[in-house]
Amino acid sequence: MCGVHDSLVVAMNEATIEKAVRAYEATHQTTPELIVRAPGRVNLIGEHIDYNGGQVLPIAIDHATIVAAGRPKDGGRAITIDALDVGRTHRIEDIQSYRPLGHGAEDNHLDYILGPLATLLEKGLDASPLNCTIASDIPIGAGLSSSAALEVGMLLAARALLGCQTDPRTLAEEAMSSEHRFAGTPCGIMDMFVSAAAKADHACLIDCTRRTCRQISLPGSERLRIVIIDTGVRHTLADGSYADRRQACEDSARRLGVTTLSEVRRSDFHEQALPTDIRSRARHVITEIDRVERFVTAVEAGDLPLAGQLLGESHRSLRDDFEVSCPELDLIVDVADGLKSSGVYGSRMTGGGFGGCVVSLCHPDAIEDLKAELMPTYASAFDRVPKVFETHAADGAKLVG
Ligand code: GLA
């Protein structure tokens, strides 16, 4: 990453860090003992693959959640949470009495904050008493994993205050368990894993069965820029369509006699063995797993046009077979695909789907052309403009103060 980008990244997170620290000091009349930065993510390829046991290739992004934390010395057990982005302050006298509030509850964001602490408590790690102030620059609901970053950030802050050694896999597993049991979303491990384990300038090739990862070096910024285009369409994974897709994949695996669809090679997949209503879901998963492998090979060989072509195939598979796209995502990908000769290598929807963002891999010179073409076309179709911003492969969660 070049120096200009470094300073931009630092500037954005620094403002968020400063916001969290100032608020912490104002509330608690002392400085926080530590500050954690936990990034959001964008997935380059391997969508809806994590809960099918295959490999996925996300990066951590510049946008992050900041947790400023300390342990009060007043002898009590209370946990005080200042969630700056939702403008709420909470005091919980005893974490043992916390029960999930559930979707739709006014203070549902607490499930992503206290769930991780309750998960630690079950392991005998009692984070109370605790003061923490949370601020984030990850757009909420855009499919950039603001909730995984929050869970990972809380876990790392609590563990560090307790003086516990922590490895990225443990953080990811605890965050996923917390999300399943306290936030109520049956997600896979990708978002938490990359938030915990990412390395700057690399994509994280996560094996979701073994729960290991290999860092894949990305081409330099003189050749490759990663652009995120936010449709502004918001969709919550909790509304059932994510769980339906997951169910269809699990049914397919059972009927094919395997534990997860990652055990079926593309060349061995006989889709007629499956009923028509779930066949195309399995087809997406099995072809996508194959695309991830080919994408990694292409990136490692520096073949960005081929990598871009695989992104396009991934998008069509998500749109037609997995049916998780939406008109806004499709239009952005169509416009971007029309700019291949200007250096837009390839684009696809990223994350759970039904809204959220497109990720585009571009030559640096192509970004202005992409914006110029996209803005008016999108505005005339949907009466508003998307947000377009560049991101860089960032480090995973760590103490920054
Ligand atoms: C959401 C989930 C992830 C993953 C993606 C789709 O982001 O949280 O676990 O399943 O959707 O790839």
Side-chain angles (χ1 to χ4, degrees), residues 12-13 16 19 38-43 47-48 50 58-67 81 83-88 100-116 134-154 175-176 178-180 182-188 190-192 194-195 227-246 318 322 324-333 348-360 378 382-389 391:
M12 179 171 62
N13 289 162
T16 314
K19 182 174 159 189
R41 65 98 187 91
V42 72
N43 189 17
E47 214 63 85
H48 288 274
D50 54 357
I59 59 165
I61 58 175
D62 303 334
H63 291 77
T65 292
I66 304 299
V67 180
I81 308 284
L84 300 183
D85 304 298
V86 287
R88 305 281 288 173
L101 301 164
H103 298 292
E106 191 185 354
D107 286 327
N108 164 247
H109 63 277
L110 268 179
D111 292 336
Y112 298 90
I113 297 169
L114 297 181
I134 301 161
S136 179
D137 48 49
I138 309 173
I140 294 177
L144 300 175
S145 291
S146 56
S147 24
L150 178 51
E151 290 157 335
V152 168
M154 284 303 297
M176 182 175 70
S178 167
E179 174 113 14
H180 287 179
F182 298 101
T185 308
C187 62
M190 170 172 72
D191 307 343
M192 297 80 183
V194 65
S195 182
V227 176
I228 296 176
I229 306 159
D230 184 356
T231 58
V233 179
R234 298 294 181 251
H235 173 86
T236 152
L237 292 183
D239 83 349
S241 19
Y242 183 88
D244 287 352
R245 298 302 185 280
R246 188 168 179 157
L318 287 156
F322 218 61
V324 290
S325 189
C326 68
E328 290 85 349
L329 291 166
D330 294 341
L331 181 126
I332 294 170
V333 171
R348 64 174 201 88
M349 58 151 279
T350 180
F354 306 104
C357 296
V358 164
V359 61
S360 245
Y378 195 89
F382 302 114
D383 236 11
R384 58 179 194 280
V385 289
K387 283 205 182 66
V388 182
F389 54 94
T391 196

* Heavy atoms, side chains only, cut-off 4.5 Å: are F354 and C326 in contact? ->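 A side-chain contact under 4.5 Å is absent here.
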
* Asked: Does any non-hydrogen side-chain atom of I59 lie less than 4.5 Å from one of V42?
  ->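 Yes, at least one pair of side-chain atoms sits under 4.5 Å.
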
* To do: Output all residues satisfying salt bridge (charged side-chain N to carboxylate O under 4.0 Å, His left out) with E179, sequence neighbours left out; order by chain, then residue number.
  =>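 E179: no salt bridge (charged side-chain N to carboxylate O under 4.0 Å, His left out) contacts found.
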
Counting only N and O atoms by type, is there a donor-acceptor contact under 3.5 Å from the side chain of [X] to the main-chain atoms of [Y]?
X	Y	value
D111	L101	yes
D85	S136	yes
N108	G102	yes
S195	P39	yes
T231	G356	yes
Y378	E328	no

Which atom names give the shortest non-hydrogen contact between [X] and [Y], and what distance separates them?
X	Y	result
I134	V67	CG1-CG2, 4.4 Å
V333	M349	CG2-N, 4.2 Å
R246	G188	NH1-N, 4.2 Å
T185	H180	O-CD2, 3.1 Å
A183	E151	CB-OE2, 4.4 Å
V324	G352	CB-O, 3.8 Å

With rounding to the nearest 0.5 angstrom, report the [atom1] to [atom2] distance, [X] to [Y].
X	Y	atom1	atom2	value
I81	M154	CD1	CE	4.5 Å
M12	D62	CE	CG	4.5 Å
M192	D50	CE	CG	9.0 Å
T65	Y112	OG1	OH	12.5 Å

* Asked: Which residues pass the ring pair (Phe, Tyr, Trp, His ring centres under 6.0 Å) test with F322, sequence neighbours left out?
  ->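 Checked F322 against ring pair (Phe, Tyr, Trp, His ring centres under 6.0 Å); matches are H48, H284.
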
* Show your working on side chain to side chain contact (heavy atoms under 4.5 Å, CB included) between L318 and S325 and close with a plain yes or no. => CA-CA 6 Å; L318 287 156; S325 189; 5.6 Å; no

* Asked: Under 4.0 Å between a Lys/Arg side-chain N and an Asp/Glu carboxylate O for E47 and R245?
  ->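 A salt bridge is absent here (no side-chain N lies under 4.0 Å from a carboxylate O).
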
For residues 137-148, tabulate all N or O donor-acceptor pairs below 3.5 Å that involve a side-chain atom, not counting sequence neighbours.
| residue | atom | partner | partner atom | Å |
| --- | --- | --- | --- | --- |
| D137 | OD1 | A64 | N | 2.6 |
| D137 | OD2 | N13 | ND2 | 3.2 |
| D137 | OD2 | T16 | OG1 | 2.5 |
| S145 | OG | R41 | NE | 3.3 |
| S145 | OG | R41 | NH2 | 3.4 |
| S145 | OG | D191 | OD2 | 3.3 |

* Could you please spell out the steps behind the side chain to side chain contact (heavy atoms under 4.5 Å, CB included) verdict for L150 and I113? => CA-CA 7 Å; L150 178 51; I113 297 169; 3.9 Å; yes

